[in-house]
Amino acid sequence: MKNLFNISLPVLLITGISLLSSCDVNDDPAPNLSVMEENITASMAFEDLNNLTLTVHRNFGLSARTTENIPSGNICEGAVVTLDEAAKKIIVDFGEGCTGTGGAARKGKVTFSYTGNLMIPGAKTTTEFDGYEVNGLKLEGTRILTNKGSNLETNSFNFEAEIQNGKVTWPDGTNLSVESNQLRDMKFGAQGEYEISVTGTASGTSRGGFEYTSSTSTALVYKKSCIDSGVTAPLSGITNFQFRGIETSVDYGDGTCDKLATYFYPNSSRQVTLD
């Protein structure tokens, strides 16, 4: 019995260590990714706004038209669009709420102040909000879109987009702050279709009070037809995030018009469907 005990003890110790090591690996939880997820949700809300900006401008000839008779049906039924030519402002009033063809539910007001035809280099549009919400998210701050150059032969344009003092508030009252700077290369196609390639950086504070930064390592690609169908996430591209001492990223896929993406975080990854 003594010999059996002496032989078994090392085996038991090794087995126990192996079990503990196995538990340490398998039970190592994924980091809290809420900061990254909040940023992705906020970015999708602002991308819907970008599409709204271009739609409004195209509806009256990209600031070249001088009529107040601006169609609003392709924004959402019941929205009231007012052009103040003297002040160079367009006000879109969604009232108590309406839903667009892509499923985006909007309410409140958005004011676009423009310097001229947005397709002319140097032209600028500044967007401000008055109780504006999209899909339950309240947007605040100032967004400035500036034409940095164009190629009329290829129907391509380069824009700089800045968000200053940005804030996105969820229905529970918590909010995420954001400051961002992007370069957006846009090419228009037939029947109003466009494709945008986006690079840039952002920073701010999450709903939980954590500071974050983000940057694109592979350009994010959007298409108007996908955004109009309710897919406001990029079709491809990679964004990197840094928060709470960790680094994560999101890969938006291969260009398919869907809401699938892959989260990458220390030691693992997972595929998700973005709402």
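For this chain, numbers begin at 1 and follow the sequence in order.
- K124 contributes no side-chain N or O that, together with a main-chain N or O of T115, makes up a donor-acceptor pair within less than 3.5 Å.
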**OP:** Check the pair N50 / R143 against side-chain hydrogen bond (donor to acceptor under 3.5 Å, both in side chains), numbers first and verdict last.
**Re:** CA-CA 9 Å; N50 181 73; R143 185 177 186 269; 2.9 Å; yes
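- Applying the side chain to side chain donor-acceptor pair (under 3.5 Å) rule to pairs touching residues 170-180 yields D172-T174, D172-R207, T174-R207, sequence neighbours excluded.
- In this structure, OG1 on T201 lies 12.0 Å from CG on N240, to the nearest 0.5 angstrom.
- Contact annotation: the side chain of E77 never approaches that of C98 to less than 4.5 Å [non-hydrogen atoms, C-beta and beyond].
- Across all their heavy atoms, D275 and M44 have their closest contact at O-CE, 3.3 Å.
- Side chains of V92 and F112 form a contact here, defined as non-hydrogen atoms less than 4.5 Å apart.
- Note on Y212 and L274: same hydrophobic cluster, where clusters join Ile, Leu, Val, Met, Phe, Trp and Tyr whose side-chain heavy atoms are under 4.5 Å apart, directly or indirectly.
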**OP:** Using the side-chain contact (heavy atoms from CB on, under 4.5 Å) rule, take T239 and Y252 through it: C-alpha gap first, then chi angles, then the decisive distance, then the call.
**Re:** CA-CA 9 Å; T239 301; Y252 290 101; 4.1 Å; yes
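- Between S217 and S249 there is no side-chain heavy-atom pair separated by less than 4.5 Å.
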**OP:** Show your working on side-chain contact (heavy atoms from CB on, under 4.5 Å) between I90 and T82 and close with a plain yes or no.
**Re:** CA-CA 6 Å; I90 311 165; T82 303; over 6 Å; no
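- Taking each heavy atom of S156 and K187 in turn, the nearest pair found is OG-CG, 3.7 Å.
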Would you mind writing out the side-chain donor-acceptor pairs for residues 226-238 within the sub-3.5 Å range, not counting sequence neighbours?
{"from": "D228", "atom 1": "OD1", "to": "N51", "atom 2": "ND2", "distance (Å)": "3.0"}
{"from": "D228", "atom 1": "OD2", "to": "K224", "atom 2": "NZ", "distance (Å)": "3.3"}
{"from": "S229", "atom 1": "OG", "to": "C226", "atom 2": "O", "distance (Å)": "2.6"}

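- Side-chain contact check for T256 and D258: no donor-acceptor pair (N or O, by modelled atom type) lies under 3.5 Å.
- When all heavy atoms of Y114 and K89 are compared, the closest pair comes out as CE2-N, 3.6 Å.
- With a 6.0 Å cutoff to the six-membered ring centre and a 45° limit on the axis angle, R244 counts as a cation-pi contact of F210.
- The CG atom of D93 sits 5.0 Å away from the NZ atom of K109 when rounded to the nearest 0.5 Å.
- Between E140 atom CD and E128 atom CD the span is 12.0 Å, to the nearest 0.5 Å.
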Just list the side-chain donor-acceptor pairs under 3.5 Å for residues 145-153, sequence neighbours left out, or say none.
{"from": "N147", "atom 1": "OD1", "to": "G149", "atom 2": "N", "distance (Å)": "2.8"}
{"from": "N147", "atom 1": "ND2", "to": "L118", "atom 2": "O", "distance (Å)": "2.9"}
{"from": "N147", "atom 1": "ND2", "to": "M119", "atom 2": "O", "distance (Å)": "3.2"}
{"from": "N151", "atom 1": "OD1", "to": "E153", "atom 2": "N", "distance (Å)": "3.1"}
{"from": "N151", "atom 1": "OD1", "to": "T154", "atom 2": "N", "distance (Å)": "3.4"}

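- Evaluation of the ring-ring contact (aromatic ring centres under 6.0 Å, His included) rule for F157 yields F188 as partners, not counting sequence neighbours.
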Original post:
Going through the checks in order, is the side-chain contact (heavy atoms from CB on, under 4.5 Å) test met by F46 and V168?
Top reply: CA-CA 9 Å; F46 275 107; V168 180; 3.7 Å; yes
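- Atom CD1 of I196 and atom CG of L220 lie 11.0 Å apart (nearest 0.5 Å).
- Of all non-hydrogen atoms in T53 and H57, the two that sit nearest each other are O-ND1, 2.9 Å.
- Between Y222 and V198, some side-chain heavy-atom pair lies under the 4.5 Å cut-off.
- Inter-residue side-chain proximity for N165 and T142 is flagged as unmet; no heavy-atom pair is nearer than 4.5 Å.
- Residues passing the ring-ring contact (aromatic ring centres under 6.0 Å, His included) test with Y132, sequence neighbours excluded: F94, F129.
- At least one side-chain heavy atom of L33 sits less than 4.5 Å from a side-chain heavy atom of R270.
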Original post:
Checking side-chain hydrogen bond (donor to acceptor under 3.5 Å, both in side chains) for the pair E211/T205: CA distance, chi angles, key distance, verdict?
Top reply: CA-CA 4 Å; E211 295 183 353; T205 304; 5.2 Å; no
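- At a threshold of 4.5 Å between non-hydrogen side-chain atoms, the residues F241 and N39 count as touching.
- A donor-acceptor pair under 3.5 Å is formed between the side chain of N135 and the backbone N or O of A105.
- Summarising the geometry, atom CE belonging to M36 is positioned 4.5 Å from atom OG1 belonging to T248; distances are rounded to the nearest 0.5 Å.
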**OP:** Could you check T262 against V272 for side-chain contact (heavy atoms from CB on, under 4.5 Å), going step by step and ending with a plain yes or no?
**Re:** CA-CA 6 Å; T262 303; V272 299; over 6 Å; no
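- Looking at I75 and V81, their side chains come closer than 4.5 Å, going by heavy atoms from C-beta outward.
- Of the inter-residue distances, the one linking R106 atom CZ with L49 atom CG reads 9.0 Å to the nearest 0.5 angstrom.
- The hydrophobic cluster containing Y263 also contains I246, counting ILVMFWY residues as joined when their side-chain heavy atoms lie under 4.5 angstrom apart, directly or transitively.
- V178 and I163 make their closest contact through O-CG2, 3.9 Å (heavy atoms, listed as atom of the first residue, atom of the second, distance).
- Looking at residues two or more places apart in sequence or on another chain, you find no side chain to side chain donor-acceptor pair (under 3.5 Å) involving E195.
- Between R184 and E47 there is a salt bridge, since at least one side-chain N of the basic residue sits less than 4.0 Å from a carboxylate O of the acidic one.
- Note on Y265 and I40: same hydrophobic cluster, where clusters join Ile, Leu, Val, Met, Phe, Trp and Tyr whose side-chain heavy atoms are under 4.5 Å apart, directly or indirectly.
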